There are 2 protein chains.
Amino acid sequence: MMYRGGMRTPNAQQIEQITAQLGKYGKIEGKNVFYWFQNHKARERQKQKRNSLVLNSPPITTITLNTRMKPIL
Amino acid sequence: MMYRGGMRTPNAQQIEQITAQLGKYGKIEGKNVFYWFQNHKARERQKQKRNSLVLNSPPITTITLNTRMKPIL
DNA sequence: TATCTATGAATGAACG
DNA sequence: CGTTCATTCATAGATA
């Protein structure tokens with residue numbers, strides 16, 4: 001629900017509050033909540049990226065600076 | 001091993017020495033060693049922080065989540 | 001049974 | 001330094 005409401009990177013306190021609420025339904029740690037938000041946000045971006053990459057493929061001369069990418073090797 | 005021995009923020013020389021040793025097992029640069037120590041230290045503290053937040057958890061305003069839930073099956 | 005998919009977890013890299 | 005991001009690993013469940 002919080003995520004749908006727009007929350008993407010909750011801070012430590014928010015994480016703990018969410019964890020406390022979820023704890024009512026089973027064992028859970030802040031770490032789990034943290035990972036969940038990280039993964040959801042990341043995978044949301046992944047899909048967006050995939051779509052935009054195919055649709056408007058940028059010219060090959062474009063050099064992207066300062067983007068967080070791992071070197072191929 | 002060095003980390004377990006207490007090393008947390010190696011200086012440039014120490015990093016180079018560690019890098020040289022690890023180089024025996026594969027390609028590696030000083031920055032990799034640098035990042036490794038940074039991350040390990042940071043995540044050690046993250047864990048501490050999470051735990052401390054749980055311990056003196058401030059009163060949480062009761063929020064009723066999902067009063068209506070779909071049956072699991 | 002083999003392949004695919006979704007997701008929690010983890011880690012290297014880098015930002016502010 | 002604390003935090004965020006990109007990518008990869010591991011595996012349970014779905015699908016063929």
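Remember, it's a predicted structure, so these values are computed and weren't measured experimentally. A note on names: the letters A, B, ... follow the listed sequences, proteins ahead of strands, and every chain is numbered from 1.
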Residues that A/Lys41 engages under side-chain hydrogen bond (donor to acceptor under 3.5 Å, both in side chains), provided they are two or more places apart:
none

Mind checking the OG1-CD spacing from B/Thr9 to B/Gln14? Nearest 0.5 Å is all I need.
9.5 Å

Pairwise salt bridge (charged side-chain N to carboxylate O under 4.0 Å, His left out) hits with a residue in residues 4-23 of chain B, at least two apart:
B/Arg8-B/Glu44

Less than 4.0 angstrom between a side-chain N/O of B/Arg45 and OP1 or OP2 of D/dG2, yes or no?
yes

DNA chain D: 5'-proximal contact among B/Ala42 and A/Ala42 (nearest heavy atom):
B/Ala42

From A/Lys31 NZ over to B/Arg43 CZ, what is the distance, rounded to the nearest 0.5 angstrom?
11.5 Å

Is atom CD of A/Gln13 surrounded by more than 12 heavy atoms (other residues, nucleotides or ligands) closer than 6.0 Å?
no

For DNA chain C, find the residues of residues 5-16 of chain B with a heavy-atom distance under 4.0 Å and give them by number; none if there aren't any.
none

Sorted by number, residues from residues 27-41 of chain B placing a heavy atom under 4.0 Å from DNA chain C are B/Lys31, B/Asn32, B/Tyr35, B/Trp36, B/Asn39

According to side-chain hydrogen bond (donor to acceptor under 3.5 Å, both in side chains), who are the partners of B/Lys24, at least two apart in sequence or on a separate chain?
B/Gln21

Let me know the distance between CD of A/Glu44 and P of D/dT4, rounded to the nearest Å.
16 Å

So which residues get pulled into B/Phe37's cluster when ILVMFWY side chains under 4.5 Å apart are joined, directly or through others?
B/Met2, B/Tyr3, B/Met7, B/Ile15, B/Ile18, B/Leu22, B/Ile28, B/Val33, B/Phe34, B/Tyr35, B/Trp36

Rounded distance in Å - CZ (B/Arg43) to P (D/dT3)
12 Å

I'd like to check the side-chain contact (heavy atoms from CB on, under 4.5 Å) partners of A/Ala12; sequence neighbours left out, ordered by chain and number.
B/Lys49, B/Leu53

